[in-house]
Protein chains: 2
Amino acid sequence: MTPYRILVTDDEEDLCEILKFNLEAEGYIVDTAHSAEEALTLDLKNYNLIVLDVMMGEISGFKMASIIRGNDLLKHIPIIFLTARDSENDMLTGFNIGGDDYISKPFSIREVQARIKALLRRTSPNEENSKDEILYETLRLDLRSKKCYIDSCEQALTKKEFEILHLLLKNNNQVFSREEILTYVWSDEVYVLDRTIDVNITRLRKKIGIYGKCIVTRQGYGYCFET
Amino acid sequence: MTPYRILVTDDEEDLCEILKFNLEAEGYIVDTAHSAEEALTLDLKNYNLIVLDVMMGEISGFKMASIIRGNDLLKHIPIIFLTARDSENDMLTGFNIGGDDYISKPFSIREVQARIKALLRRTSPNEENSKDEILYETLRLDLRSKKCYIDSCEQALTKKEFEILHLLLKNNNQVFSREEILTYVWSDEVYVLDRTIDVNITRLRKKIGIYGKCIVTRQGYGYCFET
DNA sequence: AATTTTTGTTACAATAGTATGACAAAGATA
DNA sequence: TATCTTTGTCATACTATTGTAACAAAAATT
């Protein structure tokens, strides 16, 4: 079982360290950022949960949450707000933006731990991600073995091909730009031309036979798996 | 869309009524029970969320939560604890049993509403969240697939056409100057004549049939989608 | 009504976007 | 190391989309 990754974003460095220490003791992998700007340079899609201080430098925690909720690849990530102010309006704002929990300072570390655990129990592997396969007609993606089957016959896909298909199929009928596909399928450090995606799409289409037609090109937009 | 059903279990009848009243105002269907024993006579699997007072008669809220979590048919139902005691140990117990949230009395109704909403958003994902579309009579723009439908029939639009229509429809009855349309639809670096918009408007009007008439020219101002 | 301004339409050209084969580089495996 | 697989890049052909010019039509102005 791969451990949960948590991002803690707070301008108080001491607080970040305390949280990091205590959460790592629980078995999580914890990264910290001291401003929203810094956090946004990270590969947010890697995190299972994001802790956000409400009051931070230029970009507030609320603003950052809006950015996350506005991004299709990130919108599902649970967010917990931390705040020094104990105002009801603030709290309601936090929930309205799409926050999952809201904790006022000073808080007990144990409370934060408990709330994080409860939220992860809800959001991560248990229910939603426990889907270990994606089905569309006779096309089946086994997410555990990373294999693709058509009519129960395995169609060998390479890693990139599998991940592109996974992204498109999981969000069928949604158009993904080349840039989005790049951020999802390729790691951050690697820079490849977006034409590379065309080539991979071509290869993928060939391998999945009749379902190749389902991956449609939306000129000017990108690609989409249409059902 | 079938509404969410919530069960409120608390031995204070007044409190139950206040919660029932305010939650029903939000569109939920709310049942109340005044003891765990009473709650257990109900068909719990019908509820999308259960609110439990910790301190109640014979069977405590914690005990009842354990029963729910121990039943395969019920274990997925989100639970929010209410408590008069503001003790950290109690709270940790609540989360450990498998509670999803824990609210200390006295609480604000708005906070309870917000937390219930946030939890339901997580646990009972409705289609509404993923449905990004703009509707006007039988004209429908699907923003995820970037497709335009009239009477459920797709009308193929090019990217520019789609984006112009999107802008106008989203802000219907507002006039947009050619310059405004240019800044919204065209990227910054590109410089095109504003007559280009006329041409695109023409093409768009043709493609969207009867709705073509809704895109009206406001001479001297620009274009507007009138409803 | 005549003139000027603004907008609509068409046809065509220019451009941007895409598919694909071939090859090379990088990585994995034996 | 040798071999095979995966992946990225390039070159090229091809296509859809888009921009522009030219002119017609409509609206506004005189």
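So that the names make sense, note that chain A is the first sequence line, chain B the second, and so on, each numbered from 1.
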Could you tell me how far apart [X] ([atom1]) and [N] ([atom2]) are, to the nearest whole angstrom?
| X | N | atom1 | atom2 | answer |
| --- | --- | --- | --- | --- |
| Tyr223(B) | dT7(C) | OH | P | 6 Å |
| Trp186(A) | dG27(C) | CH2 | C1' | 16 Å |
| Arg203(B) | dT9(C) | CZ | P | 12 Å |
| Lys206(A) | dA19(C) | NZ | P | 12 Å |
| Gln219(A) | dA16(C) | CD | P | 12 Å |
| Leu204(A) | dA19(C) | CG | P | 12 Å |
| Ile201(A) | dG17(C) | CD1 | C1' | 15 Å |
| Lys213(B) | dG8(C) | NZ | C1' | 17 Å |

**Message:** Does this structure show an ion pair linking Lys147(A) with Asp142(A), if we count only N-O contacts that are shorter than 4.0 Å?
**Reply:** no
**Asked** Looking at Arg144(B) and Asp132(B), does any basic side-chain N land under 4.0 Å from a carboxylate oxygen?
**Response** no
**Message:** Can you confirm whether or not the ring centre of Phe81(B) sits under 6.0 Å from the ring centre of Phe95(B)?
**Reply:** no
**Cationic tip of Lys159(B) above Tyr221(A) ring, under 6.0 Å, 45° of axis** = yes
Would you indicate which nucleotide in [options] comes nearest to any side-chain atom of [X]?
| X | options | answer |
| --- | --- | --- |
| Leu193(B) | dA19(C), dA21(D), dG19(D) | dA21(D) |
| Val192(A) | dT7(C), dT20(D), dG8(D) | dG8(D) |
| Val199(B) | dG8(C), dA19(C), dT20(D) | dT20(D) |

**Request:** Determine, step by step, whether Lys117(B) and Asp100(A) satisfy the salt bridge (Lys or Arg N to Asp or Glu O under 4.0 Å) criterion, reporting the C-alpha distance in whole Å, the side-chain angles of both residues, the deciding distance to 0.1 Å, and the verdict.
**Result:** CA-CA 9 Å; Lys117(B) 189 172 161 192; Asp100(A) 291 275; over 6 Å; no
**Asked** Considering residues, nucleotides and ligands other than Tyr136(B), do more than 12 of their heavy atoms fall under 6.0 Å from its OH?
**Response** yes
**Message:** Using a 4.0 Å heavy-atom cut-off, does Thr202(B) contact any base of the nucleic acid, only the sugar-phosphate backbone, or nothing at all?
**Reply:** base
**Asked** What about Arg195(A), does its side chain sit under 3.5 Å from the base of dG17(C) through a donor-acceptor pair?
**Response** no
**Request:** Describe, as an angle rounded to 10 degrees, how the axis at the first end of the helix from dA1(C)-dT30(D) to dA30(C)-dT1(D) is tilted relative to the axis at the last end, five pairs per end.
**Result:** 40°
